[in-house]
Trainee: 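Pasting in a structure now, in structure tokens, and then I'll have a few things to ask.
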Amino acid sequence: MEIDLVKQPLDLHFHPSSNVVAAGLINGKLFLYATESQQPQSIITGSEDRSILATDVETGTAIARLKNSHRAPISRVVNLTESTIASGDDEGCIKVWDARHRSCCSFFNVHEDVISDMTFASDSMKLIGTSGDGTLSVCNLRSNRVQTQSEFAEDELLSVVIMKNGRKVICGTQTGALLLYSWGFFKDYSDRFVGLAGNPVNALLKVSTFHEYHSFYEICHAFPSKLIELVPVILICFLSHYCLKLDEERIITGCENGLSLVGILPNRIIQPFAMHSKNYHVERLAYSHDRKFLGSISHDENLKLWDLDELLQATGNTAQNPSAASHSESDGMEVDNSTPKPSRI
């Protein structure tokens, strides 16, 4: 399915328990597409005006607004728990917010450039962030301190996902390389996969299954598909989270040349399988709550919904030779137990 959004989308997200997808547009509108009558009450958005907004999706009215939540435009918002979210801005600051008290509970001024992506390790309460400054950070939410920050990777880090049951952290870069960090050894990457070289990896998704969700707002309303007028919307998230992944071996990448299924350790492109209009980068990816659909957005102003089962079945067993596309010191190994190599700087 292809949905013409008319304007350029900047982010998308599915609700974790109902068939609703939301896309934030560059003109300040929030597009909501629903295929059922029971819908969530609220959605969280971040904006270039530095505000974080909770909006009633039926009426379009603001439930709560945190004005001047950052000193710079907000670049990323992710959900952490039932009651907390994290936000990052264009100047490299990360903040954690308590939605119950509408207050900041953690502040990490760790990076020197835009926060491009974040992901949360709930078991260890650590927030992983990537930045345009070419570094990865690990923020410990129990101690409220920056636990570590990687050395400069000589590339912009654009996306991040945790793999291999928490033993590996994968970062997509501006040049198309995938950088693999071993958990606990974040100063430098332990592996580098260049099979996607030349195509910025703007988005990463783990091939996984939805198992559990927690909804912060319990009241649901029926509403049609519509646009809600907001401040310029950069990113969005529902107050919910999911856990218990099924597949720790594969990720889906979003690049200029479309979507690809990529294996991790051994590193290989299993198969490219979908794309938007030619010469348009895939900017963001997201799963539907039941993992039946994969959503993707691009600067071609379209939201595409792909049948995930059909995409994965079409890949079959086709794979490239791992040695042809990976600069790896430990290809095929799931754990890097070696001492981290010295900093290049």
Side-chain angles (χ1 to χ4, degrees), residues 2-16 20-34 40 42-55 57 66 69-70 72-80 85-90 94-95 97 114-120 129-132 156-161 172 200-205 225-242 252-256 259 276 280-289 293-306:
E2 183 173 305
I3 302 171
D4 185 1
L5 299 174
V6 183
K7 296 295 182 179
Q8 177 184 326
L10 299 178
D11 204 0
L12 85 158
H13 201 83
F14 285 88
H15 188 266
V20 181
V21 62
L25 308 183
I26 197 170
N27 64 348
K29 293 183 177 181
L30 180 66
F31 177 88
L32 295 176
Y33 180 80
S42 305
I43 189 170
I44 300 291
T45 57
S47 168
E48 66 179 17
D49 71 355
R50 301 177 293 157
S51 69
I52 296 175
L53 181 67
T55 302
V57 296
L66 295 172
S69 59
H70 282 256
I74 298 173
S75 58
R76 200 79 177 107
V77 168
V78 297
N79 179 235
L80 305 182
I85 62 171
S87 58
D89 67 29
D90 283 357
I94 295 174
K95 291 187 177 183
W97 302 89
V114 59
I115 301 299
S116 55
D117 202 4
M118 293 181 285
T119 190
F120 183 54
T130 56
S131 172
E156 294 182 38
L157 304 187
L158 303 180
S159 49
V160 62
V161 66
V201 184
N202 299 310
L204 293 174
L205 271 185
S225 303
K226 60 185 178 181
L227 289 169
I228 296 179
E229 198 74 49
L230 293 174
V231 295
V233 175
I234 304 301
L235 35 86
I236 51 184
C237 74
F238 290 97
L239 278 175
S240 51
H241 73 277
Y242 50 86
I252 296 173
T253 63
C255 304
E256 181 178 358
L259 310 179
H276 278 252
Y280 284 101
H281 295 240
V282 174
E283 293 296 325
R284 292 292 179 189
L285 299 171
Y287 290 123
S288 64
H289 75 98
F293 296 100
L294 171 68
S296 63
I297 56 172
S298 172
H299 287 181
D300 63 4
E301 301 180 355
N302 289 320
L303 164 63
K304 290 194 175 184
L305 300 177
W306 313 88

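Only this structure's heavy atoms are used, side chains among them; waters, hydrogens and symmetry mates stay out. Here the structure is a predicted model, which is why all the values come from computation and not from measurement.
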Trainee: Hey, could you give me the CG/OH distance between L205 and Y287, rounded to the nearest 0.5 Å?
Mentor: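 With rounding to 0.5 Å, CG (L205) is 5.0 Å from OH (Y287).
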Trainee: H289 vs H15, test: side-chain contact (heavy atoms from CB on, under 4.5 Å). Steps then yes/no.
Mentor: CA-CA 6 Å; H289 75 98; H15 188 266; over 6 Å; no
Trainee: Do side-chain atoms of S51 reach the backbone of L66 as a donor and acceptor pair under 3.5 angstrom?
Mentor: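 Side chain of S51 to backbone of L66: no pair is present.
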Trainee: Identify the heavy atoms of D89 and A72 that sit nearest to each other, and give their distance.
Mentor: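 Shortest heavy-atom contact: CB-O, 3.7 Å.
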Trainee: Quick one, L30 with T55, criterion side-chain contact (heavy atoms from CB on, under 4.5 Å). Give me CA distance, side-chain angles, the key distance, then yes/no.
Mentor: CA-CA 10 Å; L30 180 66; T55 302; 5.6 Å; no
Trainee: Hey, what do you get for NE2 (H276) to CG (L303), rounding to the nearest 0.5 Å?
Mentor: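 Rounded to the nearest 0.5 Å, the NE2-CG separation comes to 7.5 Å.
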Trainee: For A203 versus R284, what's the shortest heavy-atom pair and its separation?
Mentor: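 That would be CB-CA, 3.9 Å.
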Trainee: Might you point out which heavy atoms bring L305 and F14 nearest each other, and give the distance in Å?
Mentor: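 Nearest pair, atom of L305 first, then F14: CD2-CZ, 3.6 Å.
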Trainee: Got a second to check how far I26's CD1 is from L5's CG, nearest 0.5 Å?
Mentor: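 Output value for this atom pair is 12.5 Å.
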Trainee: Please list, chain by chain and in numerical order, all residues satisfying side-chain contact (heavy atoms from CB on, under 4.5 Å) with P200, sequence neighbours excluded.
Mentor: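 side-chain contact (heavy atoms from CB on, under 4.5 Å) check on P200 returns L158, Q174, N202, H281.
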Trainee: For a quick test of reading the model, state the closest non-hydrogen atom pair linking G254 to L259 and the distance between them.
Mentor: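 The answer is CA-CD2, 4.1 Å.
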Trainee: Sort out for me which residue in L12, L285, I252 forms a side chain to side chain contact (heavy atoms under 4.5 Å, CB included) with S296.
Mentor: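 With S296 as partner, L12, L285, I252 yield a single side chain to side chain contact (heavy atoms under 4.5 Å, CB included), made by L285.
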Trainee: Is there a side-chain contact between L32 and I43 in this structure, where contact means two heavy atoms from C-beta onward sitting under 4.5 Å apart?
Mentor: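 A side-chain contact exists here, since the closest heavy-atom pair is under 4.5 Å.
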Trainee: My understanding is that only residues two or more places apart in sequence, or in another chain, count here; which of them pass side-chain contact (heavy atoms from CB on, under 4.5 Å) with S159?
Mentor: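 Counting only residues at least two positions away or on another chain, S159 forms a side-chain contact (heavy atoms from CB on, under 4.5 Å) with D117, V201, L204.
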Trainee: Looking only at heavy atoms, which two atoms of D4 and E301 are closest? And how far apart?
Mentor: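 It is OD1-O, 3.6 Å.
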Trainee: Between N27 (side chain) and K29 (backbone), is there a donor-acceptor pair under 3.5 Å?
Mentor: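 Pair found, side chain donor or acceptor close to backbone of K29.
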Trainee: Can you list the residues that meet the salt bridge (Lys or Arg N to Asp or Glu O under 4.0 Å) rule with K95, with sequence neighbours excluded?
Mentor: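 K95 satisfies salt bridge (Lys or Arg N to Asp or Glu O under 4.0 Å) with no residue once adjacent residues are dropped.
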Trainee: Walk me through whether V78 and F120 qualify under side-chain contact (heavy atoms from CB on, under 4.5 Å).
Mentor: CA-CA 9 Å; V78 297; F120 183 54; 5.9 Å; no
Trainee: Nearest 0.5 Å please: distance from the OG atom of S131 over to the CE atom of M118.
Mentor: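 Spacing of OG (S131) from CE (M118) equals 11.0 Å.
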Trainee: Taking side chain as C-beta onward, heavy atoms only, is F31 less than 4.5 Å from P9?
Mentor: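 F31 vs P9: side chains apart.
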Trainee: Got a second to check how far T119's OG1 is from R76's CZ, nearest 0.5 Å?
Mentor: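 Output value for this atom pair is 9.5 Å.
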Trainee: Any idea which heavy atoms bring D300 and Y280 closest together, and the distance?
Mentor: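 Shortest heavy-atom contact: N-CD2, 3.5 Å.
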Trainee: Rounded to the nearest 0.5 Å, what separates atom CD1 in I52 from atom OG1 in T45?
Mentor: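 Taking CD1 in I52 and OG1 in T45, the distance rounds to 9.0 Å.
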Trainee: Determine whether a donor-acceptor pair (N or O, by modelled atom type, separation under 3.5 Å) exists between the side chain of T130 and the backbone of S116.
Mentor: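 It does not hold such a pair.
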